Participant: 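The following block contains the structure, expressed as structure tokens.
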Protein chains: 2
Amino acid sequence: MRLSTKGRYAVTAMLDLALNGTEGPVTLADISENQGISLSYLEQLFAALRGKGLVRGVRGPGGGYYLGRPADEISIADVICAVDEWVEFTRCNPRPSSADTQRGMTHSLWDDLSQQIYDFLTKITLADLVKRGLEREAERKQGKSAEDLLDLNHRAA
Amino acid sequence: MRLSTKGRYAVTAMLDLALNGTEGPVTLADISENQGISLSYLEQLFAALRGKGLVRGVRGPGGGYYLGRPADEISIADVICAVDEWVEFTRCNPRPSSADTQRGMTHSLWDDLSQQIYDFLTKITLADLVKRGLEREAERKQGKSAEDLLDLNHRAA
DNA sequence: GAATTCCCCAGTAATTTACTCGGTTAAGCG
DNA sequence: CGCTTAACCGAGTAAATTACTGGGGAATTC
């Protein structure tokens, strides 16, 4: 697994689509302005996302991008893997021979961790994040005037 | 959160210490050879790790590095944060004003995700990975006659 | 047919990664 | 005491990635 600013751009852009794509497509120009990323760089990212079917482009005036699937069927892992190339570095030794067990051992341990992270991010969808965000917004707004900063406390409770 | 090859190097190196540090310190030269990383680059990484108290260096002949704490008290998040600088990109707006809600919204959603990943990696320790690895090895070997390759088992015992 | 917007690609500045190379300091050993 | 080993330290740099610039094209709408 790999988690870079590139992946962050992709995820936030996808979240932008999830939030604003309900009433018509979202243009890259909008996202570019919203997120402060250059248009051409966004185009590159979206070329990758489109290649994986995560977004769908509509040309012409009034055009833009939709999510390729419902937001609850797009995981964070999907998005990050689409833009981050995700090369396998595991290809070294299929079975660790008794000679150089060390490298094989640490690598397989890392692979295990990497897999855990990947599984974790597979279970989180764009819809999940949006939902959590809305809930947080709601409970922050809910009749709270002064103790709104400390929503962390009763959220933990 | 950020997850790069640099973080991977750090984690695998720390796993190397966790696996081999039981009977004396491990030299960077060894790790360099095991993991295929250059010595000086390792020195840089270990300078950062040492700065966070995650490793402890011993000079002179027979010297090397120990883990700074027991392996079950060092989380993956600790290791990755030590080498990856972990700059905050959240500092933009404390509370999103209703004006430019868009950028603030997607950013806070990302921050939420980032926090989730961080929490996840905080709960995984070096010891956890080693334990899982040994268990997997054990169950793979179960019924196997050639237990010669796994000196790890009786070294941990 | 003109504006809009996706689409595509080549080049490149900026940043990060990873390394080379030069040393110094502390510790062990004969 | 010298000698070796290894951690420590820092400047400089190749390589890779990130992020952008700029040039076009193709589909769609008005």
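What you see is a predicted model, and the numbers here were worked out from it, not measured in a lab. In what follows, chains are A, B, ... by sequence order, proteins preceding strands, each numbered from 1.
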Participant: Using nucleotides 18-20 of chain D, report all nitrogen or oxygen pairs with the protein that are shorter than 3.5 Å.
Facilitator:
| from | atom 1 | to | atom 2 | distance (Å) |
| --- | --- | --- | --- | --- |
| dT18(D) | OP1 | Arg2(A) | NH2 | 3.1 |
| dT18(D) | OP2 | Lys6(A) | NZ | 3.4 |
| dA19(D) | OP1 | Thr5(A) | OG1 | 2.5 |
| dA19(D) | OP2 | Thr5(A) | OG1 | 3.2 |
| dA19(D) | OP2 | Tyr41(A) | OH | 2.8 |
| dC20(D) | OP2 | Ser38(A) | N | 3.3 |
| dC20(D) | N4 | Gln44(A) | NE2 | 2.4 |

Participant: Do Trp110(A) and Leu129(B) make a side-chain contact, defined as non-hydrogen atoms from C-beta onward lying under 4.5 Å apart?
Facilitator: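 The answer is no; the side chains never approach within 4.5 Å.
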Participant: Just to confirm, is there a sub-4.0 Å distance from OP1 or OP2 of dC8(D) to any side-chain nitrogen or oxygen of Arg50(B)?
Facilitator: yes
Participant: So, using salt bridge (charged side-chain N to carboxylate O under 4.0 Å, His left out) as the criterion, who are the partners of Glu139(B) when residues are at least two apart?
Facilitator: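 Partners of Glu139(B) under the salt bridge (charged side-chain N to carboxylate O under 4.0 Å, His left out) test: none.
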Participant: Just how far, in rounded Å, is C1' of dA6(D) from CG of Leu42(B)?
Facilitator: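 The distance from CG of Leu42(B) to C1' of dA6(D) comes to 14 Å, rounded to the nearest Å.
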Participant: Just to be sure I understand the rule, does Leu39(A) reach a base, reach only the sugar-phosphate, or reach nothing, if contact means heavy atoms closer than 4.0 Å?
Facilitator: nothing
Participant: Below 4.0 angstrom, which residues in residues 51-63 of chain B have at least one non-hydrogen atom near DNA chain C?
Facilitator: Arg59(B), Gly60(B), Pro61(B)
Participant: Asp72(A): which residues meet the side chain to side chain donor-acceptor pair (under 3.5 Å) condition with it, sequence neighbours left out?
Facilitator: none
Participant: Run the ring pair (Phe, Tyr, Trp, His ring centres under 6.0 Å) test against Tyr9(B) and tell me which residues pass, sequence neighbours left out.
Facilitator: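 Listed in chain order: nothing, the list is empty.
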Participant: Not counting sequence neighbours, list each pair that qualifies as a side chain to side chain donor-acceptor pair (under 3.5 Å) and has a residue in residues 119-129 of chain A.
Facilitator: Gln115(A)-Asp119(A), Thr125(A)-Asp128(A)
Participant: Taking any heavy-atom pair under 4.0 Å as a contact, classify Tyr65(B): base, sugar-phosphate, or nothing.
Facilitator: sugar-phosphate
Participant: Which residue pairs satisfy the side chain to side chain donor-acceptor pair (under 3.5 Å) criterion with at least one member in residues 53-70 of chain B, sequence neighbours excluded?
Facilitator: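 Only Arg69(B)-Asp78(B) qualify under side chain to side chain donor-acceptor pair (under 3.5 Å).
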Participant: With sequence neighbours excluded, what pairs up with Ala48(B) under the side-chain contact (heavy atoms from CB on, under 4.5 Å) test?
Facilitator: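 With neighbours one apart ignored, the set is Val83(B).
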Participant: CD of Glu43(A) versus P of dG23(D): gap in Å, rounded?
Facilitator: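 My rounded result for the distance is 14 Å.
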Participant: With heavy-atom distances below 4.5 Å as the criterion, would you say the side chains of His107(A) and Gln35(B) are in contact?
Facilitator: yes
Participant: The criterion is side chain to side chain donor-acceptor pair (under 3.5 Å); which residues satisfy it with Ser32(A), sequence neighbours excluded?
Facilitator: none
Participant: Going 5' to 3' along DNA chain C, which are the first and last nucleotides with any atom under 4.0 Å from a heavy atom of chain B?
Facilitator: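 The contact span of chain B on DNA chain C goes from dT16(C) to dG28(C).
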Participant: Holding to side-chain contact (heavy atoms from CB on, under 4.5 Å), I want the full list of residues that pass it with Thr22(A), two or more places apart in sequence or in another chain.
Facilitator: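 Partners of Thr22(A) under the side-chain contact (heavy atoms from CB on, under 4.5 Å) test: none.
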Participant: Tell me which pairs pass side chain to side chain donor-acceptor pair (under 3.5 Å) where either residue lies in residues 40-54 of chain B, with sequence neighbours left out.
Facilitator: none
